[in-house]
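Quick notes on the structure that follows.
Hydrogens, waters and symmetry mates are skipped; everything else that's a heavy atom, side chains included, is used.
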Amino acid sequence: MAKEEIIIIGGGIIGITTALELQAAGHGVLVIDRGGVGSGCSYGNAGHIAAEHIFPLATPALLSALPGLLLQPNGPVSLRWRYMLRLMPWLMRFILSARPAVVKRSTEAIAGLNAGAVAAYQGLEKRFGLDGLLKREGTLVAYAREKNLAGAAREQAAFADFGVESELWDSATLRQFDPALNPRLSGGLYFPHSAHIRDPYALTQTLMTHFLKLGGKVEKADITHIESSKEYTTICSADKTWRAAKVVIAAGAFSHLIARQLGYRIPLETERGYHLDIPHPTASPRVPTTFFEKRFVATPMCHTQTAVLRLAGRVEFGGLNAKMTPKQAFALLPLGQNLLPKLRADYRHTRATETVTLSPLNAAPGGIRPWMGFRPTLPDSLPVMGPAPGHSNIYFCFGHQHLGLTQAAVSAKLMLDVIEGRAAVLDIHPFRADRF
């Protein structure tokens with residue numbers, strides 16, 4: 001029977017950054033992950049350290065648009081209708097979270113987390129180098145319609161209220177900045193202080209390497225049972241048992257299933273997020289670029305010295321068990337070609353890659369590569385972070401929805417403060433587990 005001072009369940013970007021902070025403070029740390037470090041959403045995210053994404057998903061504007069979005073074939077949001085009954089309790093909470101007072105509270109909490117996001121990654125870069133993976137070149141939202149660009153101009157004031165700097169560009173400025181974009185675009189909103197990661201999977205692997213070199217431990221196992229006493233917490237897989245003085249649950253979309261064994265019912269839902277990777281693209285944006293009207297994002301990346309264009313932004317509600325829907329990912333290709341007119345893609349690989357599974361290690365060696373992963377989302381778009389209400393040795397850090405990469409490094413610092421009993425720089429009250 002193994003014994004560690006602190007066990008972190010979950011080896012995504014949230015878990016591994018938390019492990020590094022705890023390790024730096026002198027704790028012995030073991031990370032346990034069901035698929036291997038960085039194999040889930042930390043592999044397939046859009047790569048943004050999106051400090052500008054301060055608004056929650058549930059807003060009155062989204063609720064009014066949601067029925068139309070759901071009816072679009074292969075649209076930005078889809079629902080497996082057999083899953084509707086199971087989704088309903090979460091969906092009702094999501095609707096209630098669109099009330100103005102809740103939106104205001106959620107925005108303030110998200111903005112507070114995001115304000116330190118880039119600086120926290122710069123701290124990791126200073127400590128570990130990160131092999132040039134962190135790119136601080138800003139991000140862009142591109143608009144096709146003048147009325148939407150005018151809406152962005154009005155939204156600038158809301159960003160400014162939370163210290164998020166932005167620049168509104170007309171079509172000429174946009175073309176000058178990035179000639180690869182469609183010249184018919186009306187303009188864009190540029191966020192100069194946001195950043196991105198050139199290869200999110202390589203980031204988790206780089207951080208894991210440093211963690212191991214400094215004495216940390218990593219094991220691959222699927223947790224089947226957890227129970228806690230005042231002295232320690234016992235964690236079991238099919239063939240192994242661990243005990244720890246303290247445990248951090250940071251298992252992404254699977255976290256609520258583990259927390260449920262300890263008596264907590266946290267309304268976490270799974271957004272099945274899709275992306276399409278195009279190796280050796282004939283066109284790519286200069287910085288991560290969101291196409292506002294088409295509701296997707298194009299990110300320039302580089303995997304093992306190979307230039308890759310990642311198109312992301314399709315969400316499907318269907319739970320954890322259903323197989324991926326490849327057409328959701330392939331639907332991003334014509335949208336990418338709309339944003340980047342010179343983008344060409346080899347359709348010959350489409351049929352061959354339709355059965356790609358969730359693991360990046362199983363991706364096809366060439367051609368277009370679809371992917372699907374699980375985003376853990378709470379109704380109010382805030383993560384659950386801090387001590388478990390009924391246990392003195394259990395801590396939660398999960399549910400960061402679309403902002404797991406963005407908020408990972410700063411969340412890790414907050415978790416260190418909480419676990420060591422210090423007052424955190426940021427108020428963690430909005431993220432408490434018993435707020436629902």
If I take atom [atom1] from residue [X] and atom [atom2] from residue [Y], how far apart are they, to the nearest 0.5 angstrom?
{"X": "Gln328", "Y": "Ser78", "atom1": "CD", "atom2": "OG", "value": "3.5 Å"}
{"X": "Ile49", "Y": "Lys135", "atom1": "CD1", "atom2": "NZ", "value": "12.0 Å"}
{"X": "Ile13", "Y": "Thr17", "atom1": "CD1", "atom2": "OG1", "value": "5.5 Å"}
{"X": "Ile223", "Y": "Ile235", "atom1": "CD1", "atom2": "CD1", "value": "5.5 Å"}
{"X": "Asp222", "Y": "Cys236", "atom1": "CG", "atom2": "SG", "value": "12.5 Å"}

Mind checking what makes side chain to side chain donor-acceptor pair (under 3.5 Å) contact with Asn114, not counting sequence neighbours? Gln407
Could you tell me which residues satisfy side chain to side chain donor-acceptor pair (under 3.5 Å) with Arg154, sequence neighbours excluded, listed by chain and number? none
Do the non-hydrogen side-chain atoms of [X] and [Y] ever get within less than 4.5 Å of each other?
{"X": "Leu268", "Y": "Leu257", "answer": "no"}
{"X": "Phe211", "Y": "Val218", "answer": "yes"}
{"X": "Asp199", "Y": "Leu133", "answer": "yes"}
{"X": "Lys294", "Y": "Leu335", "answer": "yes"}
{"X": "Ile9", "Y": "Val247", "answer": "yes"}
{"X": "Ile197", "Y": "Leu405", "answer": "yes"}
{"X": "Leu403", "Y": "Ile110", "answer": "yes"}
{"X": "Pro300", "Y": "Pro285", "answer": "yes"}

Is it the case that the side chain of [X] and the backbone of [Y] share a donor-acceptor pair, with hydrogens and angles ignored and the cut-off at 3.5 Å?
{"X": "Ser64", "Y": "Ala61", "value": "yes"}
{"X": "Arg272", "Y": "Val315", "value": "no"}
{"X": "Arg432", "Y": "His429", "value": "yes"}
{"X": "Trp371", "Y": "Asn45", "value": "no"}
{"X": "Thr289", "Y": "Val287", "value": "yes"}
{"X": "Ser42", "Y": "Gly38", "value": "no"}
{"X": "Thr377", "Y": "Thr270", "value": "no"}

Which class fits the ring pair Tyr143 and Phe292: parallel under 30°, tilted 30 to 60°, perpendicular over 60°? tilted
Which of parallel (below 30°), tilted (30 to 60°) and perpendicular (above 60°) describes Tyr43 and His275? tilted
Between [X] and [Y], do the side chains contain an N or O donor and an N or O acceptor separated by less than 3.5 Å?
{"X": "Arg80", "Y": "Thr325", "answer": "yes"}
{"X": "Asp239", "Y": "Ser237", "answer": "yes"}
{"X": "Glu52", "Y": "His193", "answer": "no"}
{"X": "His53", "Y": "Thr406", "answer": "no"}
{"X": "Glu269", "Y": "His256", "answer": "no"}
{"X": "Asn393", "Y": "Ser228", "answer": "yes"}
{"X": "Glu227", "Y": "Thr233", "answer": "no"}

Check ion pair [X]-[Y] (N to O, under 4.0 angstrom):
{"X": "Lys246", "Y": "Glu5", "result": "no"}
{"X": "Glu219", "Y": "Lys240", "result": "yes"}
{"X": "Arg375", "Y": "Glu316", "result": "no"}

Paired with Asp380, the side-chain hydrogen bond (donor to acceptor under 3.5 Å, both in side chains) test is passed by just one of Arg435, Arg105, Gln401, namely Arg435
Minimum heavy-atom distance between [X] and [Y], given as atom pair plus value:
{"X": "Ser381", "Y": "Ala58", "value": "OG-N, 4.3 Å"}
{"X": "Met415", "Y": "Gly386", "value": "SD-N, 3.9 Å"}
{"X": "Leu414", "Y": "Met385", "value": "CD1-CE, 4.1 Å"}
{"X": "Val418", "Y": "Pro387", "value": "CG1-CD, 3.6 Å"}
{"X": "Gly138", "Y": "Pro288", "value": "O-CD, 3.8 Å"}
{"X": "Pro60", "Y": "Val103", "value": "CD-CG2, 4.4 Å"}

Arg99: partners by salt bridge (charged side-chain N to carboxylate O under 4.0 Å, His left out), with sequence neighbours left out: none
Crowding at [atom1], [X] (>12 non-hydrogen neighbours, <6.0 Å):
{"X": "Arg422", "atom1": "CZ", "value": "yes"}
{"X": "Leu320", "atom1": "CG", "value": "yes"}
{"X": "Phe159", "atom1": "CZ", "value": "yes"}

Candidate pair Phe317 and Met84, rule side chain to side chain contact (heavy atoms under 4.5 Å, CB included), full reasoning: CA-CA 8 Å; Phe317 288 98; Met84 185 64 180; over 6 Å; no
Show, in sequence, the C-alpha distance, side-chain angles and deciding distance for Ser39 and Asp33, and conclude whether the side chain to side chain contact (heavy atoms under 4.5 Å, CB included) test is met. CA-CA 9 Å; Ser39 62; Asp33 190 86; 4.0 Å; yes
Can Phe431 and Phe396 be said to form a ring-ring contact (aromatic ring centres under 6.0 Å, His included), step by step? CA-CA 10 Å; Phe431 312 114; Phe396 296 144; over 10 Å; no
The test is side-chain hydrogen bond (donor to acceptor under 3.5 Å, both in side chains); show your working for Glu137 and His196 and say whether it passes. CA-CA 8 Å; Glu137 299 172 342; His196 78 282; 4.9 Å; no
Taking the six-membered ring for Trp, are His391 and Tyr264 closer than 6.0 Å centroid to centroid? yes
Run the side chain to side chain contact (heavy atoms under 4.5 Å, CB included) test on His48 and Ser194 for me, step by step, so that the C-alpha distance in whole Å, both residues' side-chain angles and the decisive distance to 0.1 Å come before the verdict. CA-CA 8 Å; His48 288 203; Ser194 292; over 6 Å; no
Taking the six-membered ring of Phe254 as reference, does the cationic atom of Arg34 (NZ for Lys, CZ for Arg) lie under 6.0 Å from its centre and within 45° of its axis? yes
Would you check, one step at a time, whether the test ring-ring contact (aromatic ring centres under 6.0 Å, His included) holds for Tyr274 with Phe296? CA-CA 10 Å; Tyr274 288 84; Phe296 81 99; over 10 Å; no
Yes or no on side chain to side chain contact (heavy atoms under 4.5 Å, CB included) for Trp90 and Leu87, after CA distance, side-chain angles and deciding distance? CA-CA 6 Å; Trp90 183 91; Leu87 182 65; 3.8 Å; yes
